[in-house]
Amino acid sequence: MSAGRRTFLIGGGCTAFIKPRATRTTEDMGLEAATKALLDAGITYDEVKIAYVGYCYGDSTSGQRALYNLGLTHIPILNVNNNCSTGSSALYQANNAVKYGQVECSLALGFERMKPGSLGTNFPDRPSPIQLISQRSAELEAELGENHGPNAPRLFDNGAQEYFSKYGGGVEHLAKIAAKNHRHSVKNPYSQFRDGWSEEQVLSATKITRNLTKFMCSPTSDGAAACVVASEAFVHKYGLENQAIEIVAQSLATDGLGTFEGRSAMDVVGYEMTKACADEVFRDAGFAPGQGRDLVGVVELHDCFAANELITYPALGLCKEDEAHKLVERGDNTFGGKYVVNPSGGLEAKGHPLGATGLGMHFYIMSTGKYGLVHNVGLGGAVVVSLLRRPDFYKEGGKDGRDRLGYNHAHEYRPVTFDDVDKVKSKNASKYVLAHAKL
């Protein structure tokens, strides 16, 4: 077992993930998500003693600007940027602050205001940090056959093509994955797309790369999400036994030697570091090598493209390395199968506001109340894997987030009001700052 105290998610909040049309600011989205998380937890901002705020497209101290709406309390606020794994990287830091005794209660917040279209760099005057990733994939592409399209989907397409060449399967399996996620998304009120595209519609959509169509790709999105982390003593102090979700184990990993020295397009897009990270999580949770996956019922997995969901099944240990396409054929990734993967609709349908994505995954797993696994990866690279469960001291009944918000925010989306903000803001909230706040 890893050192440190037991830690728990005691509150979560999320905005709707929407098309990036510059209709909301990071400040108002951050305020909404944080307010919901604090309402869910039944505490005020005064109880939060450190905060980590994740975003990729924003100026320095954007985290402070968002949280200053809730109060000016002198707490450390640290801004986090770790590509697509930014949200979970913020949570990783917030969790460690509690786990290793720095504070009793922390907050992780993530948001993004993006531009329409494929991801690009904000700094064209210098080489991209993922230039070597792209270069290595392009070198391996020669062995995999002709490809085309924007850089990000092309990288993950190459990973899937390697899997197909080694083990079988094809574009029809990617279509099944994408259609499954779009079908799941219909019931998620936070999702950007709730159209429920069929396999046939997915396959007939505009081709983006060799294997990927438009509906197999996550869209750019605007949105925010937040989670509150607390110690076991804090949970008992505030009577949150009926809603606390334990972070049994959590790890953050970066690339290994195989990314550049190996000959695997799968490793270039995170297979190797995902496997290393997942293995560490289950080891820290007390399981023998290869064990523990059968206890998992629900998974929120980083399906930036359907190709990545396919190759991540074996990386997480959900199946053998050569059986990802067979897992899809068996329906072991949806309701009625062995696992329910991306019940939220995943990034492909729910949306992908980079700074909020990982926290939105944790929020959704919290709402299921099951033994769950979260996987959030970013090229360049970093991956976070979390194993969650209801704790042994779980108690039914009593007030919970549904009472404090006035509705079940796991199944219904509503914006917050300034009355809601008043319930959770610090006693040191600034009238001047709040006078400039919008919701």
Side-chain angles (χ1 to χ4, degrees), residues 1-10 12 50 52 54 80 82 85-106 108 227-235 244-258 270-302 312-319 321 339 341 358-359 361-366 368-378 381-394:
M1 301 290 286
S2 63
R5 307 187 290 177
R6 295 174 75 182
T7 56
F8 303 85
L9 296 170
I10 60 169
I50 194 168
Y52 295 86
V80 179
N82 230 4
S85 64
T86 291
S88 290
S89 296
L91 181 61
Y92 176 79
Q93 297 292 339
N95 181 47
N96 282 345
V98 176
K99 183 175 183 178
Y100 297 111
Q102 183 179 3
V103 297
E104 296 299 311
C105 180
S106 64
C227 291
V228 182
V229 184
S231 67
E232 184 173 2
F234 192 97
V235 170
I245 298 296
E246 185 171 7
I247 303 175
V248 180
Q250 184 180 66
S251 182
L252 189 156
T254 54
D255 286 290
L257 200 60
Y271 182 94
E272 181 188 43
M273 68 174 173
T274 288
K275 184 179 186 306
C277 192
D279 287 348
E280 182 175 359
V281 162
F282 281 93
R283 182 169 60 250
D284 286 350
F287 294 103
Q291 301 300 307
R293 276 68 166 184
D294 288 346
L295 296 176
V296 173
V298 60
V299 182
E300 280 291 315
L301 182 160
H302 194 96
T312 301
Y313 294 153
L316 291 175
L318 304 181
C319 64
E321 187 176 20
Y339 308 103
V341 180
L359 287 160
M361 291 173 161
H362 287 83
F363 164 73
Y364 206 85
I365 291 284
M366 287 174 67
T368 68
K370 295 181 178 180
Y371 213 128
L373 190 67
V374 178
H375 163 264
N376 185 201
V377 69
V383 60
V384 178
V385 174
S386 307
L387 184 64
L388 312 176
R389 71 176 176 196
R390 276 183 172 165
D392 49 353
F393 55 71
Y394 170 76

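Numbering of residues begins at 1 and proceeds along the displayed sequence. All figures in this text were calculated on a predicted structure; none of them were measured in a lab.
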(request) Kindly determine whether L388 and V248 satisfy side-chain contact (heavy atoms from CB on, under 4.5 Å), including the steps that lead there. (result) CA-CA 5 Å; L388 312 176; V248 180; 5.9 Å; no
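- Taking the side-chain contact (heavy atoms from CB on, under 4.5 Å) definition, one finds that F363 meets it with C14, Y190, H409, sequence neighbours left out.
- Ion pairing between a basic and an acidic side chain is recognised when a charged N comes within 4.0 Å of a carboxylate O; R6 and E246 show such pairing.
- Taking the side chain as every heavy atom from C-beta outward, Y313 and V341 approach each other to under 4.5 Å.
- Using a 4.5 Å heavy-atom cutoff, the side chains of V228 and C105 are in contact.
- What you find for R5 and V98 is that their closest heavy atoms are NH2-O, 2.8 Å.
- For D294, the side-chain contact (heavy atoms from CB on, under 4.5 Å) partners at least two apart in sequence or on another chain are K338, Y339.
- T7 OG1 to F234 CZ: the interatomic distance, rounded to the nearest 0.5 Å, is 13.5 Å.
- For the pair H362 and C227, the tightest heavy-atom approach, listed with the atom from each and the gap, is CB-SG, 4.0 Å.
- The heavy-atom pair separating L252 from A382 by the smallest distance is CD2-CB, 4.4 Å.
- In this structure, I365 and G372 approach most closely via the heavy-atom pair CG2-CA, 4.2 Å.
- Looking only at side-chain heavy atoms (C-beta outward), E321 and Y271 come within less than 4.5 Å of each other.
- Residues that satisfy the ring pair (Phe, Tyr, Trp, His ring centres under 6.0 Å) test with H302, not counting sequence neighbours, are H352.
- Put simply, the side chain of F282 does not reach to within 4.5 Å of the side chain of L295, judged on heavy atoms.
- The shortest distance between side-chain heavy atoms of S106 and I50 falls below 4.5 Å.
- Between V377 and S85, every side-chain heavy-atom pair lies at or beyond the 4.5 Å cut-off.
- Nearest heavy atom pair, residue T86 against residue N376, reads N-OD1, 4.5 Å.
- E272 and G258 get closest at one heavy-atom pair: OE1-N, 3.3 Å.
- Residue Q250 is tested with L91, L387, V385, V281 for a side-chain contact (heavy atoms from CB on, under 4.5 Å); the sole match is L91.
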